[in-house]
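Note sheet for the following structure.
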Amino acid sequence: MRKFILLIFSLFFLCADASILKGSVSEEYIPSGFFGSWGVISKLDSSNNPTMFNYQSRDIWTLSGHSNVLVLQNLQSGARSEIRIKDKASDGRTLKFEREKIVKQDDLSKVIYREIVSFRLLGNNFSGTDKFIVEEYDKNNSLIKKNEALYIVEGVKISGSKPE
């Protein structure tokens, strides 16, 4: 009798048709109000070598992304960057990121380009700072020269969803 009941339970479980539930938790690092197209003006505020940096630029940026990846495109120049955001803003209005690019030269020297950005969303506008650092190193990895510039950045939304 036990074998018979065990056989019926086994058949019951083997014949059962069940769906597997899948789920995930997504944590958004980029406030959704930043997504869309923006008219952006950057003005040089300070620099230790102002001849190296542009005094002012006017661009159209398209910002998109997901989770902690920000995709920034400049449709005029064709430039495109994917930036991983490390810290989630707790206020839902701040976007902060850093990026770095290392360019190695033929003579084993290198140039490191750093950018530190902080923007604050204010409805259909944002403002903030963009700090550029250019470091030149010799083949022994000794710093030769360091140039810095701080830009004041302001953006006006052209298209995209209105922030919540």
Side-chain angles (χ1 to χ4, degrees), residues 23-138 141-164:
S24 64
V25 176
S26 175
E27 186 174 19
E28 295 299 322
Y29 284 64
I30 306 161
S32 62
F34 279 104
F35 296 144
S37 296
W38 295 86
V40 180
I41 296 175
S42 301
K43 291 183 181 177
L44 184 63
D45 184 57
S46 62
S47 176
N48 66 339
N49 186 0
T51 59
M52 181 178 183
F53 299 97
N54 292 331
Y55 175 72
Q56 180 175 307
S57 68
R58 296 172 186 262
D59 297 301
I60 296 178
W61 294 354
T62 301
L63 300 176
S64 60
H66 57 86
S67 185
N68 70 330
V69 177
L70 174 67
V71 178
L72 188 150
Q73 296 180 67
N74 182 327
L75 301 178
Q76 293 169 320
S77 69
R80 182 179 192 277
S81 290
E82 287 191 18
I83 303 152
R84 296 213 180 272
I85 309 296
K86 294 179 184 174
D87 299 317
K88 181 181 177 187
S90 60
D91 64 0
R93 293 183 181 176
T94 304
L95 178 60
K96 291 182 179 184
F97 62 87
E98 295 183 23
R99 61 182 174 168
E100 180 178 279
K101 180 179 178 181
I102 300 173
V103 178
K104 296 188 178 186
Q105 310 295 325
D106 291 336
D107 63 353
L108 302 177
S109 64
K110 67 181 175 184
V111 179
I112 299 177
Y113 299 91
R114 286 192 177 92
E115 187 174 8
I116 303 166
V117 177
S118 178
F119 296 148
R120 182 156 172 81
L121 187 63
L122 305 164
N124 283 329
N125 300 298
F126 72 78
S127 62
T129 59
D130 190 351
K131 183 175 185 176
F132 283 95
I133 302 168
V134 180
E135 297 173 328
E136 295 179 34
Y137 291 87
D138 65 15
N141 208 28
S142 297
L143 181 64
I144 300 169
K145 190 185 328 181
K146 183 176 183 178
N147 295 299
E148 298 181 64
L150 179 66
Y151 286 90
I152 303 299
V153 182
E154 294 186 7
V156 176
K157 185 167 270 193
I158 298 170
S159 68
S161 61
K162 187 175 180 176
E164 299 169 357

Could you pull out the closest heavy-atom pair between Leu121 and Gly33, with the gap in Å?
CD2-CA, 3.6 Å
Judged by atom type as modelled, is there a donor-acceptor pair below 3.5 Å linking the side chain of Ser67 to the main-chain atoms of Val69?
no
One should read off an interatomic distance between Asp107 CG and Asp138 CG, to the nearest 0.5 angstrom, of 9.0 Å
Return the orientation label for the Phe126 and Phe119 ring planes: parallel under 30°, perpendicular over 60°, tilted otherwise.
tilted
Out of curiosity, Thr51 OG1 to Asn147 CG, how far, rounded to the nearest 0.5 Å?
8.0 Å
Report yes or no: does Asn48 contribute a side-chain atom to a donor-acceptor pair with the main-chain N or O of Lys146 at less than 3.5 Å?
yes
Distance, nearest 0.5 Å, that separates OG of Ser64 from CG of Leu70
7.5 Å
Side-chain contact test, heavy atoms from C-beta onward, threshold under 4.5 Å: evaluate it for Leu75 versus Ile60 and give yes or no.
no
Please indicate whether Arg120 has more than 12 foreign heavy atoms, meaning atoms of other residues, nucleotides or ligands, lying under 6.0 Å from its CZ.
yes
Applying side chain to side chain contact (heavy atoms under 4.5 Å, CB included) to Leu95 and Val117, what does each step give before you reach the verdict?
CA-CA 8 Å; Leu95 178 60; Val117 177; over 6 Å; no
Grab the two heavy atoms, one from Glu148 and one from Ser47, that are nearest each other, plus how far apart they are.
O-OG, 2.7 Å
Closest non-hydrogen atoms of Pro31 and Gly92, given as atom of the first, atom of the second and distance, are CB-O, 3.2 Å
Quick check against the 3.5 Å criterion: does Lys86 have a side-chain atom that pairs as donor or acceptor with the backbone of Glu98?
no
The reported gap from CH2 in Trp61 to CG in Asn74 (rounded to nearest 0.5 angstrom) is 9.0 Å
Please tell me if the side chains of Val111 and Gln105 come closer than 4.5 Å, counting only heavy atoms from C-beta onward.
yes
Determine whether more than 12 heavy atoms belonging to other residues, nucleotides or ligands lie under 6.0 Å from atom NZ of Lys110.
yes
How close do Thr94 and Phe34 get, heavy atom to heavy atom, and via which atoms?
C-CE1, 4.3 Å
Where do Ser37 and Thr62 come nearest, in terms of heavy atoms and distance?
OG-OG1, 3.5 Å
Heavy-atom donor-acceptor pair, Lys157 side chain to Phe35 backbone, under 3.5 Å:
yes
When every non-hydrogen atom of Trp38 is compared with those of Asn124, the smallest separation belongs to CZ3-O, 3.5 Å
Is there a side-chain contact between Leu44 and Pro50 (heavy atoms, below 4.5 Å)?
yes
Considering only residues two or more places apart or on different chains, which pairs with a residue in residues 53-80 satisfy salt bridge (charged side-chain N to carboxylate O under 4.0 Å, His left out)?
Arg80-Glu82
With distance as the sole test, does Thr129 use its side chain to make a donor-acceptor pair with the main-chain N or O of Tyr151 at under 3.5 Å?
no
Roughly how far, to the nearest 0.5 Å, is CD1 of Ile112 from NZ of Lys104?
9.5 Å
What orientation do Phe53 and Phe132 show, parallel under 30°, tilted 30 to 60°, or perpendicular over 60°?
tilted
Mind checking the NZ-CD1 spacing from Lys96 to Ile85? Nearest 0.5 Å is all I need.
12.0 Å
